[in-house]
Undergrad: 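Please read through the structure below; I'll follow up with questions.
Order of the sequence lines fixes the chain letters, A, B, ..., with proteins taken first and strands second; residue numbering starts at 1 for each chain.
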Number of protein chains: 2
Amino acid sequence: MIESSPPPSATSDELTTDGGRNEFGENLRKLRKDKKMTLADLATASGIAASTLSRAERGLLGLTYDRLSQLADGLGVDMAELFGTGGASFQKNSISVARLGEFELQTTPNYTYEMLFSDVWGKAMTPMAGVVKAHSRLAFDDFIRHPGQEFVFVQSGQLTIYTEANEPVTLEAGESAYLDSSMGHVYTSAGDEDARILVVCLGRGDSA
Amino acid sequence: MIESSPPPSATSDELTTDGGRNEFGENLRKLRKDKKMTLADLATASGIAASTLSRAERGLLGLTYDRLSQLADGLGVDMAELFGTGGASFQKNSISVARLGEFELQTTPNYTYEMLFSDVWGKAMTPMAGVVKAHSRLAFDDFIRHPGQEFVFVQSGQLTIYTEANEPVTLEAGESAYLDSSMGHVYTSAGDEDARILVVCLGRGDSA
DNA sequence: AAAATAAATTGCGTATACGAAAATTATGTG
DNA sequence: CACATAATTTTCGTATACGCAATTTATTTT
C-alpha cells in the first residue's frame with residue numbers, strides 16, 4: 001500500500017482525496033487502453049511526460065489543471081469524460097423494469113414516493129414516482145436545491161411549482177416542466193386532490 | 001503583468017496553458033460570486049486556503065486534481081460545471097412548462113408523439129410524450145439505437161419492449177423501464193389499446 | 001471624513017508536481 | 001531458452017502548488 005503524505009491541513013480529506021485520485025487514475029488508464037495508446041503515445045499526444053502519466057494512472061500524484069487540459073486534448077475527450085463522472089458504469093445491453101409497487105415507499109411530511117430503479121448501478125437519470133401531500137408552500141421550511149436538471153410530469157391532479165427565481169407555475173394532468181434543479185424549488189398539490197407526479201433528476205443528489 | 005515560469009518542456013504550450021487557466025479562474029470566480037460566497041466562505045466549504053483560491057481565480061496557479069475535487073464539492077457542482085463545459089449552457093434559474101398539446105405532433109407509421117421542451121437550449125434530457133400505434137414487432141424494419149440511456153413510463157395501456165439482447169418485457173400502466181439505448185430496442189402496444197407513454201432520453205440522438 | 005470591519009492579496013517556507021534519463025518489467029521472435 | 005524490443009516504472013533535480021500569517025485593499029459604520 002503506497003503512502004502519500006498530503007499537506008497537514010488536508011488530513012481530514014485524506015481518505016476522500018486519495019480515493020478520488022485512484023478512481024481518476026483507473027479511468028485514465030481505461031480511456032488510454034480503449035484507444036490502444038501506450039504511455040509513450042499519450043505522452044506525445046499530450047505533451048506530458050510518460051513518467052507523470054504513469055504516476056497519475058496509479059494515483060501517486062494529482063495532476064494540475066494545466067496537465068489535465070493537455071490530457072483531455074491528447075485523448076480527444078472533454079474534461080467531463082476525463083473525470084468519468086459516475087463511478088459505476090451503466091450495464092451495457094441492459095433493461096430494468098420497475099413494477100407497480102416494487103420499490104419501498106419513502107415518506108416525508110410532504111411527499112410519498114418510490115425511488116425507481118434504485119438498484120440499477122451507473123444510471124445517470126434518477127426517476128421517482130409519487131404523490132405530493134403538501135398543499136401549501138408554507139409546508140416547506142426552505143426550497144430544495146441540487147445541482148443539475150429536473151423533469152417533472154403530472155400524472156393526475158394539479159401541481160404548483162414554486163421556485164426562488166420565477167413566478168409559480170401550475171400544471172394540469174398530462175403537463176410537465178423542465179427546470180434547473182440548483183435553483184430552489186418545491187412542489188405542492190394545487191387542488192383538493194394530492195397530485196401524482198413522475199420526476200426525473202439528472203445530476204448529483206435528488207429531489208423530493 | 002505577473003510572469004510565471006513554466007517547465008522548459010512546456011514552452012510550446014505556454015500561451016494555451018495560461019489561456020485555459022485564466023478562463024478557468026474567471027469561471028471559478030463567477031461561480032463563487034453567483035453563490036454569494038467570499039473567498040473565506042469557499043475556503044471553509046472546500047478546505048482549500050483562501051490564498052490558493054485567490055491565485056487560482058487570477059490564473060496564477062493551476063490547481064491539482066485533489067484541489068479541483070474539493071472545490072467541486074465545496075461549490076456543490078460537478079466537475080463538468082466547474083470547467084464550464086458543454087456546448088450550449090442550460091439557462092440558470094429557469095423553468096419551462098410544456099402545456100397539453102403545446103408541441104406539434106410528430107407522426108410516423110408506428111408512433112405519434114410530441115417532443116417536449118424542443119425549444120429549451122442546453123437541456124441534457126430529452127422528454128417525449130406519445131402514443132404507440134405499432135402492435136407488433138413486425139411493424140419495424142429494424143431496432144432503434146442511439147448512444148445513452150432511456151427511461152420509459154407507461155401512462156396507459158400495455159407496452160411490450162423488444163430489445164436485441166434481452167427477452168421482451170411487458171409493462172402495465174404505471175410501470176416503467178430503464179435501458180441502455182445504444183442497444184437495439186422497439187416499443188409496441190401489447191393490448192387492443194394504443195399504449196400512451198412518456199420517454200426521457202439522455203445522450204446524443206433520440207428515440208421514437 | 002475617520003475608524004472599524006471585511007475581503008482579497010502577498011510573502012515565505014514546505015510539500016508535491018514534473019520531466020529527462022536510467023532501470024526494470026513485459027512482450028515478441030527465432 | 002536467449003535475445004531484442006517495447007512499455008512501464010523509478011530516480012533525482014528543479015519548478016510550482018499550497019497553507020499560514022502578515023499586509024493591503026475595499027466596504028461599511030459612525
Undergrad: Give the rounded distance in Å between these two atoms: CG of B:Leu60 and C1' of D:dA15.
TA: 16 Å

Undergrad: Donor-acceptor check, side chain of B:Ser176 to backbone of B:Phe153, threshold 3.5 angstrom: yes or no?
TA: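 Not a single qualifying donor-acceptor pair exists.
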
Undergrad: Ignoring backbone atoms, test whether A:Arg58 places a side-chain nitrogen or oxygen under 4.0 Å from the OP1 or OP2 oxygen of D:dT10.
TA: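 Affirmative; the distance criterion is met.
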
Undergrad: What pairs of residues pass the salt bridge (Lys or Arg N to Asp or Glu O under 4.0 Å) test when at least one of them lies in residues 165-185 of chain A, not counting sequence neighbours?
TA: A:Glu175-B:Arg99

Undergrad: So, OP1 or OP2 of D:dA17: does either fall under 4.0 Å of a side-chain N or O from B:Thr64?
TA: no

Undergrad: Would a 4.5 Å heavy-atom cut-off, applied to side chains only, mark A:Phe140 and A:Tyr162 as touching?
TA: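 A:Phe140 does not reach A:Tyr162 side chain to side chain.
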
Undergrad: Rounded to the nearest Å, what distance is computed from the CD1 atom of residue B:Ile48 to the P atom of nucleotide C:dT9?
TA: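 Rounded to whole Å, this separation is 16 Å.
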
Undergrad: Let me know the distance between CG of A:Leu61 and P of C:dC18, rounded to the nearest Å.
TA: 6 Å

Undergrad: Return no unless some side-chain N or O of B:Thr52 is found under 4.0 Å from OP1 or OP2 of D:dG19.
TA: yes

Undergrad: Can you tell me if the side-chain N/O atoms of A:Ser51 get under 4.0 Å from OP1 or OP2 in C:dG19?
TA: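 Checking C:dG19 against A:Ser51, no side-chain N or O comes under 4.0 Å of OP1 or OP2.
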
Undergrad: Would you say the side chain of B:Arg55 and the base of D:dG19 hold a donor-acceptor pair, judged only by whether the two atoms sit under 3.5 Å apart?
TA: yes

Undergrad: For B:Leu68 and C:dA17, what is the distance between atoms CG and P respectively, to the nearest whole Å?
TA: 13 Å

Undergrad: Do A:Glu26 and A:Glu57 come within less than 4.5 Å of each other through their side chains, counting heavy atoms only?
TA: no

Undergrad: Whole angstrom is fine here: how far is it from CG in A:Leu63 over to C1' in D:dA17?
TA: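 Interatomic distance, CG of A:Leu63 to C1' of D:dA17: 13 Å.
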
Undergrad: Tell me the interatomic distance from A:Arg29, atom CZ, to D:dT9, atom C1', rounded to whole angstroms.
TA: 10 Å

Undergrad: Got a sec? Which of residues 32-44 of chain B come in under 4.0 Å of DNA chain C, heavy atoms?
TA: B:Arg32, B:Thr38, B:Leu39

Undergrad: For A:Leu53 and for B:Ala50, find the nucleotide of DNA chain C with the closest heavy atom, then tell me which residue's nucleotide is more 5'.
TA: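 Result of the comparison: B:Ala50.
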
Undergrad: Please determine, by modelled atom types, if A:His135 and A:Asp192 share a side-chain donor-acceptor pair under 3.5 angstrom.
TA: no

Undergrad: What's the CD-P distance between A:Gln70 and C:dG19, to the nearest Å?
TA: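 Atom-to-atom, A:Gln70 to C:dG19, this comes out as 7 Å.
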
Undergrad: Go through the side-chain N and O atoms of A:Thr38 and A:Asp41 and say whether any donor and acceptor fall under 3.5 Å apart.
TA: yes

Undergrad: May I have the distance from A:Arg67 (atom CZ) to D:dA15 (atom P), rounded to whole angstrom?
TA: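 Nearest whole value for this atom pair: 14 Å.
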
Undergrad: Report yes or no: do B:Tyr178 and B:Glu150 form a side-chain donor-acceptor pair below 3.5 Å?
TA: no

Undergrad: Please determine if a side-chain N or O atom of B:Arg21 lies less than 4.0 Å away from the OP1 or OP2 oxygen of D:dA17.
TA: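 Yes, because at least one side-chain N or O of B:Arg21 sits under 4.0 Å from OP1 or OP2 of D:dA17.
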
